**Student:** 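Sharing a structure with you now.
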Amino acid sequence: MKPIGIMRSLLFFCIPGFVIFFLFNIVYPKLITVGVPIFWATYVCLWSPLILMVALVLINFKRSHTKITEYFWINKISLKQLLIILLGLLIVQVLESILGFTRPLLAKVPGFHVPSHYPDLFRVDTSFTIPMDYFLGLNLSGNIYPLIFFGIWLFTNIFCEEVLWRGYALPRMELAFGKWAWLINGLLWNIAIHFFFRWSFFTLIPISIVVPYLSQKYKSMIPGIIIHGGGNLLIYALLIPSYFS
């Protein structure tokens, strides 16, 4: 396992972050213009760079002929650790709710505005009331497709991000930065990867701290899968009532 120092860390996070920013600001409106559905245009612009990165990492893993537990941080966790992780999930959700007011405020700062063509998922003026009629261009009432689509979305989200940032990058960053690797990992994840979504910088601070910290503490990407995945699963609290409305 080779260390990932500061320059490689910057490249590892900033290159996909820049590509996602480029896709959303240049490619996304063109996809919508030629008739690509909003939900697929959003999926492609957000996840295609990370899917490609995961594929490359997995190819390198296959070529390395090492055990998967030596290549990625996927160690098992104890019951006590699981309870701490679940507490972390609760803390992240509470703090994100408290910090939610910063998104519209930050969006008023020059350079942090929400582009007019952005989908409702990333806007600050979207009213997430239950039930909702449409989300990412999908009709929710009586339509099973959004429930399936967001299952695919969430799997892609959690698998790609946790494999890349915690399973692969964090152990190699620890070799370079020691006990502070989690902090650098979290800052780069927040600032670089989410630059396209920069009006949420403050809202994302809790998860950007808790997930890398617990992942490094337990030498496992399981904390990220639980906290990151558990938080994102809350989308179904919106989708399921809307489906039955």
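Computed from a predicted structure; not experimentally measured. Along the sequence shown, residues carry numbers from 1.
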**Student:** Minimum heavy-atom separation for Ile74 and Ser220, please, with both atom names.
**Tutor:** C-OG, 4.0 Å

**Student:** Could you check whether any side-chain N or O of Asn75 sits under 3.5 Å from a backbone N or O of Lys219, counting only pairs where one atom can act as donor and the other as acceptor?
**Tutor:** yes

**Student:** With distance as the sole test, does Ser141 use its side chain to make a donor-acceptor pair with the main-chain N or O of Ser245 at under 3.5 Å?
**Tutor:**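 Such a contact is found between Ser141 side chain and Ser245 backbone.
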
**Student:** Distance-only, no hydrogens or angles: does the Asn190 side chain make a donor-acceptor pair with backbone N or O of Phe201 under 3.5 Å?
**Tutor:**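 Such a contact is found between Asn190 side chain and Phe201 backbone.
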
**Student:** Using a 4.5 Å cut-off on heavy atoms from C-beta on, say whether the side chain of Asn185 contacts that of Phe177.
**Tutor:**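 SC-SC contact between Phe177 and Asn185 ruled out.
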
**Student:** Check the orientation of Tyr168 and Tyr71. Use parallel for under 30°, tilted for 30 to 60°, and perpendicular for over 60°.
**Tutor:**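 Correct class here is tilted.
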
**Student:** Using side-chain heavy atoms (C-beta onward) and a distance below 4.5 Å, is Ile85 in contact with Leu89?
**Tutor:** no

**Student:** I'd like to know if the side chain of Ser78 reaches the main chain of Gln81, judged simply by a donor and an acceptor atom lying under 3.5 Å from each other, with no hydrogens or angles considered.
**Tutor:** yes

**Student:** Can you see which heavy atom on Leu50 is nearest to which on Pro16, and at what distance?
**Tutor:**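 Smallest interatomic distance, heavy atoms only, reads CD2-CB, 4.1 Å.
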
**Student:** Is it the case that one hydrophobic cluster holds both Leu233 and Val211, taking links as side-chain heavy atoms less than 4.5 Å apart, direct or via other members?
**Tutor:**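 Yes, because Leu233 and Val211 connect within a single hydrophobic cluster, where side-chain heavy atoms sit under 4.5 Å apart.
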
**Student:** Could you check whether any side-chain N or O of Trp199 sits under 3.5 Å from a backbone N or O of Phe122, counting only pairs where one atom can act as donor and the other as acceptor?
**Tutor:**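 Checked: pair present.
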
**Student:** Is Tyr218 reaching over with its side chain to a backbone N or O of Leu82, donor-acceptor style, under 3.5 angstrom?
**Tutor:**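 It does not hold such a pair.
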
**Student:** Strictly distance-based, threshold 3.5 Å: is any side-chain N or O of Arg198 a donor or acceptor partner for the main-chain N or O of Phe195?
**Tutor:** yes

**Student:** For Phe61, look at atom CZ and say whether over 12 heavy atoms of other residues, nucleotides or ligands are found less than 6.0 Å away.
**Tutor:** yes

**Student:** Minimum heavy-atom separation for Pro212 to Gly186, with atom names?
**Tutor:** CG-CA, 3.7 Å

**Student:** Over all heavy atoms of both residues, which pair between Gly167 and Met221 is shortest? Give the atoms and the distance, please.
**Tutor:**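 That closest heavy-atom pairing would be CA-SD, 3.7 Å.
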
**Student:** Rounded to the nearest 0.5 Å, what's the gap from CD1 on Ile227 to CG on Asn232? Could you check?
**Tutor:**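 Answer rounded to 0.5 Å: 12.0 Å.
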
**Student:** If you define the side chain from C-beta out and look only at heavy atoms, does anything of Pro131 sit under 4.5 Å from Leu140?
**Tutor:**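 They are not in contact (no side-chain heavy atoms under 4.5 Å apart), so the answer is no.
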
**Student:** Do Glu162 and Phe72 have side chains that approach each other closer than 4.5 Å (heavy atoms only, starting at C-beta)?
**Tutor:** no

**Student:** Once you round to the nearest 0.5 Å, how far does CG of Leu138 lie from CZ of Phe39?
**Tutor:** 5.0 Å

**Student:** Count I, L, V, M, F, W, Y as connected when their side-chain heavy atoms are under 4.5 Å apart, and connections chain through other members. Are Val44 and Leu23 then in the same cluster?
**Tutor:** no

**Student:** So, do Arg8 and Lys2 sit near enough that their side-chain heavy atoms are less than 4.5 Å apart?
**Tutor:** yes

**Student:** Please check if atom CZ in Phe128 has more than 12 non-hydrogen atoms from other residues, nucleotides or ligands closer than 6.0 Å.
**Tutor:**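 For Phe128, atom CZ is crowded (more than 12 foreign heavy atoms under 6.0 Å).
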
**Student:** Using the benzene-type ring in the case of Trp, are the ring centres of Trp165 and Phe12 under 6.0 Å apart?
**Tutor:**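 Ring centres of Phe12 and Trp165 closer than 6.0 Å.
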
**Student:** What verdict does the side-chain contact (heavy atoms from CB on, under 4.5 Å) test give for Val54 and Leu58, after you've listed the backbone C-alpha separation in whole Å, the side-chain angles of each residue and the deciding distance to 0.1 Å?
**Tutor:** CA-CA 6 Å; Val54 167; Leu58 292 178; 3.8 Å; yes

**Student:** Is the count of non-hydrogen atoms from other residues, nucleotides or ligands lying under 6.0 Å from Trp40 atom CH2 greater than 12?
**Tutor:** yes

**Student:** Could you state the interatomic distance from CH2 (Trp47) to SG (Cys160), rounded to the nearest 0.5 Å?
**Tutor:** 7.0 Å

**Student:** Work out which heavy atom in Gln93 is nearest to a heavy atom in Gly231; give both atom names and the distance.
**Tutor:**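 Looking at all heavy atoms of both residues, the shortest contact is NE2-CA, 3.2 Å.
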
**Student:** Could you state whether Ile20 and Phe112 fall into the same hydrophobic cluster, counting links through intermediate Ile, Leu, Val, Met, Phe, Trp or Tyr residues with side-chain heavy atoms under 4.5 angstrom apart?
**Tutor:**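 Yes, Ile20 and Phe112 fall within the same hydrophobic cluster.
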
**Student:** Take Ile184 and Leu187 through the side-chain contact (heavy atoms from CB on, under 4.5 Å) test and state the conclusion after the steps.
**Tutor:** CA-CA 5 Å; Ile184 299 170; Leu187 288 174; 5.8 Å; no

**Student:** Between Cys45 and Leu31, does the side-chain contact (heavy atoms from CB on, under 4.5 Å) criterion hold? Intermediate values first, please.
**Tutor:** CA-CA 10 Å; Cys45 290; Leu31 293 176; 4.0 Å; yes

**Student:** Do Ile38 and Phe135 make a side-chain contact, defined as non-hydrogen atoms from C-beta onward lying under 4.5 Å apart?
**Tutor:** no

**Student:** Looking only at heavy atoms, which two atoms of Thr129 and Leu238 are closest? And how far apart?
**Tutor:** O-CD1, 3.7 Å

**Student:** Is there a ring pair (Phe, Tyr, Trp, His ring centres under 6.0 Å) between Trp182 and Tyr213 once you walk through the steps?
**Tutor:** CA-CA 5 Å; Trp182 65 271; Tyr213 176 78; 5.3 Å; yes

**Student:** Measure the OG1-CG distance between Thr42 and Leu121 for me, rounded to the nearest 0.5 Å.
**Tutor:** 7.0 Å

**Student:** Taking Ile222's backbone N and O only, do any of them form a donor-acceptor pair with Arg166's side chain (distance below 3.5 Å, no angle check)?
**Tutor:** no

**Student:** Treat each ILVMFWY residue as a node, draw an edge where side-chain heavy atoms are under 4.5 Å apart, and state whether Met53 and Phe24 are in one component.
**Tutor:** yes

**Student:** Rounded to the nearest 0.5 Å, how far does CH2 of Trp73 lie from CG of Leu170?
**Tutor:** 4.5 Å

**Student:** Which value, rounded to the nearest 0.5 Å, describes the distance between Glu161 atom CD and Thr156 atom OG1?
**Tutor:**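 If we round to the nearest 0.5 Å, Glu161:CD and Thr156:OG1 are 11.0 Å apart.
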
**Student:** Applying the 4.5 Å side-chain criterion to the ILVMFWY set and letting contacts propagate, would Ile6 and Ile4 be lumped into a single cluster?
**Tutor:**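 Result: yes, single cluster for both.
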
**Student:** If only atom types and distance count, is the side chain of Asn25 paired as donor or acceptor with the main-chain N or O of Phe21 below 3.5 Å?
**Tutor:**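 Judged by distance alone, yes, a pair lies under 3.5 Å.
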
**Student:** Check the pair Tyr118, Phe196 against side-chain contact (heavy atoms from CB on, under 4.5 Å), reporting the backbone distance first and the verdict last.
**Tutor:** CA-CA 10 Å; Tyr118 263 41; Phe196 79 103; 3.7 Å; yes

**Student:** Do other residues, nucleotides or ligands put more than 12 heavy atoms under 6.0 Å from the OH atom of Tyr236?
**Tutor:** yes

**Student:** Would you find a donor on one side and an acceptor on the other, under 3.5 Å apart, between the side chain of Tyr43 and the backbone of Trp153?
**Tutor:**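 No, because the side chain of Tyr43 does not come within donor-acceptor range (under 3.5 Å) of the backbone of Trp153.
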
